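Each remark here refers to the structure printed beneath this line.
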Amino acid sequence: MRILTGLQPSGKLHVGNYFGAMEPAVRLQEQGEAFYFIADYHAMTSSHKADALRENVRELAIDFLACGLDPAKAVFFRQSAVPEVNELAWILSTICPMSLLAKCHSYKDKTSQGIAPNHALFAYPVLMAADILLYDSNKVPVGKDQKQHLEVTRDLAVKLNDTYGEGTAVIPEPIIREETAIVIGLDGRKMSKSYDNTLPLFGDEKTLRKLIMKITTDSTAVEDPKPMENSIILALYRLFASEADYATMVADHERGGIGYGDLKKRLADAYWDYFAPMRERRLAISQDPGYVDKILADGADRARNEAAKVLQRVRRAVGLA
Ligand code: ADP
Ligand code: TRP
């Protein structure tokens with residue numbers, strides 16, 4: 001079984017990204033042949049800063065490795081290291097009805113946020129379909145926001161087979177993370193870059209602790225019991241603490257007598273400890289710049305090898321070879 005997913009290099013990773021995307025991907029690498037890539041071509045649909053792109057790709061690679069991606073198990077590469085994906089995207093766009101793309105809400109959402117409506121942004125789902133079909137992927141784990149893109153991919157795979165013969169494309173199955181565990185941000189809304197309410201995964205300790213101290217709380221007095229419904233402190237603490245520590249935290253909320261400052265400090269300690277092993281790995285990896293380059297180069301070789309086979313099959317089916 002081949003499992004494939006892509007992550008956009010779009011800046012600092014936060015705790016929501018970790019529990020929503022990285023950690024599930026790391027778990028899945030045990031269950032099949034994982035292909036994980038950094039979607040740098042996709043990042044160019046909404047930003048045109050060359051240095052930032054280079055930097056973000058590198059940082060995401062280090063982050064992903066620090067979070068437990070195992071290059072011995074997963075093929076890890078950057079999307080643009082396999083330029084063959086563009087040829088498949090072209091072939092797919094020749095069978096892709098305009099109406100299929102016109103109904104995609106991510107294009108509408110992004111342009112309404114002020115991102116320039118360029119052609120690549122509109123054609124984004126076609127490139128994504130090419131990412132998936134180029135590796136004969138069976139399972140594609142994605143967040144809920146990508147569900148429609150997976151439907152487009154399946155439509156295009158079926159259409160390719162209808163047009164050029166069964167077996168031209170493998171039809172992928174999405175694994176949609178329902179986000180029953182949406183990670184709450186520092187202001188109580190969903191944690192997201194766009195709300196500027198994130199707790200980064202990595203960074204300077206003092207800054208991160210300060211962020212936690214800024215979590216929104218009410219005006220309950222120190223001695224009084226603290227409300228637990230909608231408590232941001234509790235929701236975050238649950239992610240980082242053992243069951244026993246979580247139970248103690250709940251009991252302390254019920255009893256009262258401890259101020260929000262102390263409860264936040266406890267949260268900050270748990271957060272800091274939880275990511276300690278990843279922080280250490282991250283430090284070690286970033287001190288060895290050649291390591292990341294080598295992993296990505298090996299990954300690109302393996303991915304390209306696989307891509308060449310599939311593309312050759314498609315080229316023959318469509319009459320290009
Ligand atoms: P952001 O909302 O900060 O822009 P992205 O949209 O880049 O984050 O998210 C990348 C991945 O991280 C998505 O696939 C999504 O599933 C996951 N993710 C992001 N925020 C959260 C969150 N608050 N809770 C759970 N998962 C999240
Ligand atoms: N569009 C995805 C996102 O923004 C990233 C992505 C690009 C992707 N190509 C993919 C995910 C292929 C899964 C499969 O999160």
Side-chain angles (χ1 to χ4, degrees), residues 2-26 28 34-47 56-57 59-60 63-64 67 75 77-80 82 85-86 88-89 92 104-107 109-110 113 115 120-121 123-154 156-157 170 172-201 232 235-236 238-239 303 307:
R2 183 158 300 162
I3 305 160
L4 172 135
T5 198
L7 281 170
Q8 281 207 50
S10 49
K12 270 197 186 146
L13 215 61
H14 58 69
V15 168
N17 299 142
Y18 177 77
F19 288 102
M22 310 296 255
E23 197 255 351
V26 166
L28 270 175
F35 276 58
Y36 294 155
F37 67 92
I38 301 176
D40 50 0
Y41 280 143
H42 275 116
M44 292 176 70
T45 58
S46 52
S47 167
N56 286 342
V57 166
E59 293 296 307
L60 180 57
D63 286 342
F64 217 152
C67 289
V75 178
F77 60 104
R78 58 192 287 181
Q79 184 184 29
S80 62
V82 190
V85 73
N86 292 300
L88 185 56
L92 293 174
C104 285
H105 43 64
S106 121
Y107 176 77
D109 291 351
K110 285 178 181 163
Q113 283 164 27
I115 297 177
L121 195 64
Y124 183 114
V126 179
L127 180 61
M128 181 156 162
D131 287 328
I132 296 169
L133 303 183
L134 187 60
Y135 301 99
D136 283 347
S137 313
N138 305 112
K139 300 275 179 189
V140 184
V142 283
K144 252 203 304 220
D145 58 325
Q146 299 296 316
K147 191 171 172 178
Q148 194 179 34
H149 291 158
L150 261 293
E151 284 158 14
V152 170
T153 303
R154 286 168 57 88
L156 292 178
V170 170
E173 297 284 336
I175 304 179
I176 308 284
R177 296 185 296 266
E178 278 307 329
E179 296 195 297
T180 34
I182 287 188
V183 176
I184 296 301
L186 301 174
D187 61 357
R189 290 184 291 173
K190 177 188 169 184
M191 189 179 290
S192 169
K193 281 192 296 297
S194 16
Y195 297 148
D196 198 17
N197 64 355
T198 65
L199 182 56
L201 213 54
I232 303 167
L236 288 173
R238 179 163 226 157
L239 298 169

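Indexing begins at 1, ligand by ligand and atom by atom, following the structure's order. Note that the structure is a prediction, hence the values are computed from the model and not measured.
Close approach of ligand 2 to Thr5 is summarised as follows: ligand atoms under 4.0 Å from at least one heavy atom of the residue are 11 (C), 13 (C). Near Met191, meaning under 4.0 Å from one of its heavy atoms, ligand 1 places the atoms 20 (N), 21 (C), 22 (C), 23 (N). Per-residue contacts place Leu4 under 4.0 angstrom from the following atoms of ligand 2 (heavy atoms of the residue considered): 14 (C). Heavy-atom proximity to Ala21, at under 4.0 Å, picks out these atoms of ligand 1: 11 (C), 12 (O). Every atom of ligand 1 is numbered from 1 in the order shown, and the set under 4.0 Å from a heavy atom of Lys190 is 20 (N), 21 (C), 22 (C), 23 (N). Shown in contact with Val142 at under 4.0 Å from a heavy atom are these atoms of ligand 2, numbered in order with element: 11 (C), 13 (C). Of all atoms in ligand 2, numbered sequentially from 1 with element shown, those under 4.0 Å from a heavy atom of Phe37 are 9 (N), 10 (C), 12 (C). Taking every non-hydrogen atom of Val140 and a distance limit under 4.0 Å, the qualifying atoms of ligand 2 come out as 13 (C), 14 (C).
Of the candidates Tyr124, Tyr36, Phe35, Tyr41, Tyr124 brings a heavy atom nearest to atom 1 (N) of ligand 2. Looking at Ala25, Gly16, Gly6 and measuring to atom 21 (C) of ligand 1, the nearest heavy atom belongs to Gly16. Checking His42, Gln146, His149 against atom 3 (C) of ligand 2, the nearest heavy atom belongs to Gln146.
Atom 9 (N) of ligand 2 has its closest protein heavy atom at Asp131 OD2, 2.8 Å. Shortest contact from atom 5 (C) of ligand 2 to any protein heavy atom: Gly6 O, 3.4 Å.
With a 4.5 Å cut-off on side-chain heavy atoms, Leu88 and Asp131 do not count as touching. The shortest distance between side-chain heavy atoms of Cys67 and Glu23 does not fall below 4.5 Å. Side-chain atoms of Val15 and Leu201, non-hydrogen and from C-beta on, do get closer than 4.5 Å to each other. Val142 places a side-chain heavy atom less than 4.5 Å from the side chain of Ile176. The shortest side-chain heavy-atom distance between Leu150 and Met128 falls under the 4.5 Å cut-off. Contact of the Arg154 side chain with the Pro174 side chain is registered, since non-hydrogen atoms from C-beta on lie closer than 4.5 Å. Between Asp40 and Asn56, the closest side-chain pair of non-hydrogen atoms is not below 4.5 Å.
The closest approach between Gln8 and ligand 1 stays at or above 4.0 Å for every heavy atom of the residue. Assignment of His14 to the shell around ligand 1 is supported, since a heavy atom sits closer than 4.0 Å.
Among the atoms of Gln79, none of the N or O lies under 3.5 angstrom from an N or O of ligand 2. Not a single N or O atom of Ser194, backbone or side chain, sits closer than 3.5 Å to an N or O atom of ligand 1. Between Arg177 and ligand 1, at least one N/O pair is under 3.5 Å apart. Among the atoms of Ile182, none of the N or O lies under 3.5 angstrom from an N or O of ligand 1. Considering both main-chain and side-chain atoms, Ser10 never comes within under 3.5 Å of ligand 1 through any nitrogen or oxygen pair.
With Val85 as the partner, the side-chain contact (heavy atoms from CB on, under 4.5 Å) test is satisfied by one option alone out of Ile132, Leu127, Leu133: Leu127.
The proximity of Asp145 to ligand 2, defined as any non-hydrogen pair under 4.0 Å, does not occur for either the backbone or the side chain. With a heavy-atom cut-off of 4.0 Å, Ile132 touches ligand 2 through its side chain alone.
Rounded to the nearest 0.5 Å, atoms CG (Leu121) and NE2 (His42) are 9.5 Å apart. Here the CG-CD1 distance, from Leu60 to Ile38, works out to 4.5 Å after rounding to the nearest 0.5 Å.
A tilted orientation is assigned to the rings of Tyr135 and Phe35, their planes being inclined by 30° to 60°.
Side chain of Tyr36 to backbone of Ala25: a donor-acceptor contact under 3.5 angstrom is found.
In this structure, Arg2 places its CZ atom where more than 12 heavy-atom neighbours from other residues, nucleotides or ligands lie under 6.0 Å away.
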